[in-house]
**Q** 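Structure below; questions to follow.
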Amino acid sequence: MPDVFERFSELLVYNSGEPLIFNSSFFLFFFFFCVLFYQFVVNHKRARVLFLMTLSLYFYYKSSGFYFVLVIISSIIDFVAAKWIVATEVQTKKKSLLILSLATNLGLLGYFKYTNFFIDTLASANIAQLDFYDIFLPVGISFFTFQSMSYTIDVYRGKLDAEKSFFDFLFFVSFFPQLVAGPIVRASDFLPQIHKKIIVSKADIGRAVFLIAAGLIKKAIIADYISVNFVDRVFEWPGRYTGFENLMALYGYALQIYCDFSGYSDMAIGLALLIGFKLPINFNSPYQAASITEFWRRWHISLSSWLKDYLYITLGGNRNGKFRQYVNLAVTMLLGGLWHGANWKFVVWGGIHGLVLAIEKFLNFPAWVGKNKITRIIGILITFHIANLCWIFFRADSFETGMIMINQILFFFNGSILWQFLQGYPYVTLLIIVGFVLHFMPPSTEARMEKIVTSMPLVVQAIYLVAIVWLVAQVKTAGIHPFIYFQF
Amino acid sequence: MEEKNYRNYPVYLFATIIALLYVISFLPKEQQIFGVHLRHVDILSDLKQPAEEAQKETIDPYEYKGEDFWKKDNSGNITGMSPVYASIGGFDFIQALISAASNSAPVADPQFKNQELNGNTDQMSYFYNNLKNAAKKPVRIAHFGDSIIGGDLITMDIRDNLQKEFGGQSPGVLAITSQDIKFRMTTEHSFASDKWQTVDINRNPKKLPMVANGSVAIPKGGSWVEYAVTPHYKNLNAYKTVKIYYTDAKASSINYSFDGAPAKSVALNTNAGVQELVLNAPKPAKKVRIEFPVEGQANVFCVSLENGGGVIVDNFSFQGQTGENLTRLPLDLLQQFNGYMDYSLVILQFGLNVIDKIEKDPAGYDKNMVEVVKYLKQAFPKASFVMMGVNDKGFKKGANIVSDPSVLKLLAVQQSIAKNADIAFWNLFEAMGGMNSMESWVKANPPLASSDYTHFNDQGARKVADLFSAALIDGYKEAKNKR
């Protein structure tokens, strides 16, 4: 019997390489513990904030070990900086305090995420040869630093009062549902919720169950299955597959990255709802967009609106003439690309998006597609394929691999293997089709499904979630399907 | 009126979910619905004793015992020692569901282990003797396998290693049309894809003739094929002789040209049986082009690209095959082909395509493959034979990649085949590092295998070839010292 306790205590401590993610059974127990004890503190504001904050820091510890201290340090600096910004009337002092706060956040981000990237860049440009540092990338650092920055900038701009309680602020920065993978919550959206009475309506519960279920299906069934069993392999060796398979892998990847990312966001939003907090929507069927401009209003909304409000507008937005606007757009998109990872390929990816945005603005493309249904469908098809072209460089290991892929699609298409493909990858095909069909459902269908889930009695909701968890387990452990080489 | 507050609802919801999952964990472990195998889901498995189900009661004739399989008792019979590996089973839910960031989890470097040949190594002496005289008389090796050797993978590096040790500069046999031209590193192969009708061993309703490479190409008129050297294997830098193997020719001629020189014409031999047409390059050539102008001119089997003697290793890749259908190659034609080639060694490397089926009928595969070896021994009567065991293949157990349990079963069957067919056996699985080694190959830097945890990439194929060549060369040296 002591073995059980030993194993249990092993589970409780940080284990590198096993971050606490929502679709793990440990998280199931963690969250049950959370909602159970939450009942005792929910009516006392201070107690409930301390309780959730402690759990959130533990959650972070479980994912990144003692780096949870970073969250605390960065919060202390931003909290104090904001307080002093409000306290002083001197504009230059306000500004230097803001710079201190931004420098701290960007410094942390820069050190942990980009040090080796710069060393590598310097080396490959033959400027300097330095050794790589052995730097651990703390989980979610890109998210919590951005959240924290939105707060000091808003306080500086006079849009938001400085938060009085440090613990309230730390709770905002560390709130576990969105800590690891977003959405990036604005202080102005979240802080007011801390002070309000916690009310969870029946509709909130229904929406939460709906979102958690949808998130599990998207992330743990569709995205994980098609990536392991098909997409990853083609991207690994595109030259060994026909253009048709390359194109299918590309469409598959477009679906995979959407399902992966938005699925996780959905779960975060749903979990937060269950404890009475509303997080902003992060994805709105992005491939339904009829222009890249619209795409960015539907894709990772919390990031793109953050970049718009805090980077693009800070740079001057569209206030300094057409030329400056294009430059601002390009800078925003290049840095937005780099935010996704410390690699030049993300910069290229952001750069192409920025270029297309500028061209669309120049041609007034979004207005043209808005004319009627047919132009809109044309716009959707064009936008989807531009987004896919960009995904090639986002996903491929190198620029060369990306070019091989494009080459295969253009010059070695071999569509005649369709039938063999369907026979060889029945489940992958099925999941890709199901994924896209769900994606192109009108919003009203989604609302209807949400209503159905809301009207389910508790036991049925539980069975619904268990059925999905069970399905996830089946998919997770299904054998790895070997490569299939088709005749060509 | 204030709306009802549901904030304690999640407690009941999650309590119900956990209770339901707990109930599910008591469902029987093996379930099947409509032929789909269902996995066992147990939320508490992390807290339970591991490997509870490890005890097996029935005696399994195909239980993998590692290399102990080959130990002999006092009277020289091969025994089997106690099992080396515990069975793999069960499934833990927590592991299963944590996966997002496990890509970054460190995995130990591959632990290669040199493996010597086992089984009947005495019959290897024919090959070893020929190796000794490789400078005087060419030593030809036939490497049969499935997709694991597609595009000359593994073969090319065995060839490279043996040629470095014993001499030789020829890539050997290539088919007329092939699916793997895009990634064949040793020869740049191109052909008029719409001008050839190719029939392979899998679909051969008209029973067209074939030799060891298992496919036959029929020109549709104006058909051509080209082979050129590549910069990747410096040893294979020219062709002095190109030999074409065919049968059932009409009275007609083909055209050929080395290095883009004006084409020459040469008549085909209309005799029955496997015919050989030898084209000699005026000087060592980098490229050869062969044209078959007449429709249905002949059944063309393959070419052999040669640059002098020494060791030549021919790659015969049968994608998607288990090896069992090699008996569909007509024996008389194989024997005639061997009349030209005179194979000293036959390597058999199959198994990946039978893994999913092996648990159902291990004895059937054993019997069929013993038949295949006997058949090939008739075709290549003097040759030595070695069977290469299947490589490790990853299997997802939760978030971890472990050895597919069927790999162990198949290995036991393959050892038994080698024993029953009285040939040598080389254990690639152990050479890779044994149990659960595939994950370390995939995660090695640079990676040695691809992310299907089944196939090797170029670097991995090189490593496999190095390990296998070392076994052959060690065996050769040992045989030489004995004499």
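Just so it is clear, the structure is predicted and the values come from calculations on it, not from any experiment. Both backbone and side-chain heavy atoms feed into the values below; hydrogens, waters and symmetry mates do not. Residue numbering restarts at 1 for every chain, and letters A, B, ... go by the order of the sequence lines.
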**Q** To the closest 0.5 Å, what do you measure between CG (A/Leu28) and CD1 (B/Ile17)?
**A**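 Interatomic distance, A/Leu28 CG to B/Ile17 CD1, rounded to 0.5 Å: 6.5 Å.
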
**Q** So A/Asp204 and B/Tyr6, do their side chains get closer than 4.5 Å, heavy atoms only?
**A**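 No; the side chains remain at least 4.5 Å from each other.
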
**Q** Chain B: which of A/Asp232, A/Ile275, A/Val42 shares the most heavy-atom pairs with it under 4.5 Å?
**A**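 Of A/Asp232, A/Ile275, A/Val42, A/Val42 has the most heavy-atom pairs under 4.5 Å with chain B.
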
**Q** Check each atom of A/Gln39 against the heavy atoms of chain B and say whether the ones under 4.5 Å are side chain, backbone, both or neither.
**A** side chain

**Q** Between B/Tyr9 and A/Val200, is any pair of side-chain heavy atoms under 4.5 Å apart?
**A**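 They are not in side-chain contact.
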
**Q** If you apply the rule side-chain contact (heavy atoms from CB on, under 4.5 Å), what do you find for B/Leu13 with A/Val35, and how did you get there?
**A** CA-CA 10 Å; B/Leu13 180 66; A/Val35 289; over 6 Å; no

**Q** Please look at A/Tyr38 and chain B and tell me whether the side chain, the backbone, both or neither of the residue comes under 4.5 angstrom of a heavy atom of that chain.
**A** neither

**Q** Quick check on B/Asp458 against chain A: is it the side chain, the backbone, both or neither that has a heavy atom closer than 4.5 Å?
**A**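 Both backbone and side chain.
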
**Q** Below 4.5 Å from any heavy atom of chain B, which atoms of A/Leu36 appear? Answer side chain, backbone, both or neither.
**A** both

**Q** Begin from the C-alpha positions of B/Ile18 and A/Phe32 and carry the test side-chain contact (heavy atoms from CB on, under 4.5 Å) through to its verdict.
**A** CA-CA 9 Å; B/Ile18 290 172; A/Phe32 179 62; 3.8 Å; yes

**Q** Would you say the side chain of B/Arg7 lies within less than 4.5 Å of the side chain of A/Ile205, judging by non-hydrogen atoms?
**A**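 No - every pair of side-chain heavy atoms lies 4.5 Å or more apart.
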
**Q** Within the 4.5 Å heavy-atom criterion, are A/Leu465 and B/Leu20 side-chain neighbours or not?
**A** no

**Q** Does any backbone or side-chain atom of A/Ile463 lie under 4.5 Å from a heavy atom of chain B? Answer side chain, backbone, both or neither.
**A** both

**Q** Mind ranking B/Leu352, B/Val11, B/Asn8, B/Asn457 by heavy-atom pairs under 4.5 Å with chain A and telling me who comes out on top?
**A**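 Among the listed options, the one with the most contacts to chain A is B/Val11.
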
**Q** Quick one: does any side-chain atom of B/Asn5 pair with a main-chain N or O of A/Ile198 as donor and acceptor, under 3.5 Å?
**A** yes

**Q** Check the surroundings of atom CD in B/Glu188: do more than 12 heavy atoms from other residues, nucleotides or ligands lie under 6.0 Å from it?
**A** no

